[in-house]
Amino acid sequence: MNVQPDIPLKDISLTFMKGMTVLRAFDDTHSHLSLAEIARLTGFERAAVRRLVLTLVHLGYVHKDDNRYSLTPRVLVLGSGFLRGNQFGRRVQPLIELCAREVGYSVSLAMRDGPSAVYVAQSSQQNARYTFGFTIGSRLPLLSTAIGRMLLAWGDETWAQEMLETLPIERFTPNTLMERDAIAAAIASIREAGVSIVEGEFETGAVGIAVPVGAMHRAEAALGISEPMSELSAADYPRRAEILHRYANQIADELR
């Protein structure tokens, strides 16, 4: 969540904020939760969680099945307003499809959202050779993915420094960088090169290539691909990056 620090606390609805926190407790690893599990994930008292969850059930955003709860398709309406408001379907999606056709692989656009990156658009080419199971709305860690490091390298400096210093470092594969100094050095190199390449740190045997969408220190999105290293040779990285850069610049123009 991108918090706006200039809004006085007295003007914020804490109940609404808690309700949104409950919604965010559901993800790909926590799709069906009990009240106790939601309380543990959010840190809220169980009595408060019960009221919040039952309100969300009443509104149609959460489904109740015995003592388990899950999100309903209605939550997609919340995200669709952002996508329609920024005319992703008319202005951004066609560029992503063209990029995927030229680069030869599925292409994804992600934006920073607090301590992670979230996919907001993907190509839909039918001949994609491989998929890692991520869809629009999927979240990616910042420290160990190509898109995440690209956002840290070209995003807001204060936010990036805070993320680098405070985010827990998770080991996803034997090759995941686990030292903050090494991650910081990798991000510095990405900042200079303008392209992020991460091999085997998030998915074993996979390489991610990402480029910024926007100017240095102001980029809030990144465009990238993720493919098996057996499918994409290192000698081919520069050409794929050049194609991504070209379309990322066009997408940045559309999002202004």
Side-chain angles (χ1 to χ4, degrees), residues 1-3 5 24 27-30 41 105-120 122 130 132-134 137-238 240-242 244-245 248 252:
M1 178 174 56
N2 293 328
V3 178
R24 289 168 63 89
D27 57 27
D28 52 350
T29 58
H30 304 96
L41 289 168
Y105 299 101
S106 295
V107 174
S108 299
L109 179 70
M111 301 186 74
R112 71 179 180 96
D113 181 34
S116 59
V118 59
Y119 281 137
V120 295
Q122 285 184 311
Y130 198 87
F132 290 94
F134 296 111
S138 292
R139 308 182 76 82
L140 292 174
L142 294 173
L143 300 182
S144 55
T145 63
I147 279 178
R149 288 182 187 170
M150 190 74 255
L151 291 171
L152 290 169
W154 279 55
D156 177 80
E157 288 183 280
T158 301
W159 165 79
Q161 189 62 35
E162 179 185 357
M163 294 300 101
L164 183 57
E165 292 176 354
T166 62
L167 282 179
I169 302 175
E170 301 177 76
R171 182 178 292 282
F172 296 99
T173 76
N175 294 325
T176 304
L177 290 182
M178 298 298 293
E179 297 78 29
R180 289 192 194 275
D181 288 346
I183 296 172
I187 292 170
S189 296
I190 290 167
R191 185 177 298 114
E192 183 175 345
V195 60
S196 174
I197 299 173
V198 176
E199 295 181 319
E201 292 192 49
F202 183 56
E203 296 275 358
T204 299
V207 56
I209 303 175
V211 301
V213 177
M216 173 79 79
H217 303 316
R218 295 202 302 272
E220 295 197 358
L223 188 69
I225 61 175
S226 184
E227 292 293 329
M229 293 167 66
S230 59
E231 293 280 344
L232 189 60
S233 68
D236 211 21
Y237 293 171
R240 309 296 181 180
E242 185 278 324
L244 289 171
H245 268 297

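Computation of the quantities below employed the complete heavy-atom set of this structure, encompassing side-chain atoms and omitting hydrogens, waters and symmetry-equivalent molecules.
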Pair listing, ring-ring contact (aromatic ring centres under 6.0 Å, His included) test, anchored in [range], at least two apart:
range	result
residues 163-189	F172-F202
residues 204-227	none
residues 176-197	none

- Message: According to salt bridge (charged side-chain N to carboxylate O under 4.0 Å, His left out), who are the partners of E242, at least two apart in sequence or on a separate chain?
- Response: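 Here the qualifying residues are R246.
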- Report the residues that fulfil salt bridge (charged side-chain N to carboxylate O under 4.0 Å, His left out) with D236, sequence neighbours left out, ordered by chain and then residue number.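 For D236, the residues satisfying salt bridge (charged side-chain N to carboxylate O under 4.0 Å, His left out) (neighbours in sequence not counted) are R239, R240.
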- Quick one: list whatever passes side-chain hydrogen bond (donor to acceptor under 3.5 Å, both in side chains) with S108, sequence neighbours left out.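 S108: side-chain hydrogen bond (donor to acceptor under 3.5 Å, both in side chains) contacts with Q122.
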- Message: Tell me every residue that passes side-chain hydrogen bond (donor to acceptor under 3.5 Å, both in side chains) with D27, counting only those two or more places apart in sequence or in another chain.
- Response: T29, H30
For the residue pair [X] and [Y], establish whether any side-chain heavy-atom pair is separated by less than 4.5 Å.
X	Y	result
I147	L109	no
T145	V198	no
L143	I169	yes

Enumerate donor-acceptor pairs with a distance under 3.5 Å from any side-chain N or O in residues 187-194 to protein atoms, sequence neighbours excluded.
| residue | atom | partner | partner atom | Å |
| --- | --- | --- | --- | --- |
| S189 | OG | A185 | O | 3.2 |
| R191 | NE | A153 | O | 2.9 |

I'd like to check the side-chain contact (heavy atoms from CB on, under 4.5 Å) partners of [X]; sequence neighbours left out, ordered by chain and number.
X	answer
A241	V195, I209
A182	L177, E179
R218	A215

- Task: Hey, could you give me each pair passing salt bridge (charged side-chain N to carboxylate O under 4.0 Å, His left out) that has a residue in residues 149-174? Not counting sequence neighbours.
- Result: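 For residues 149-174: R149-E201.
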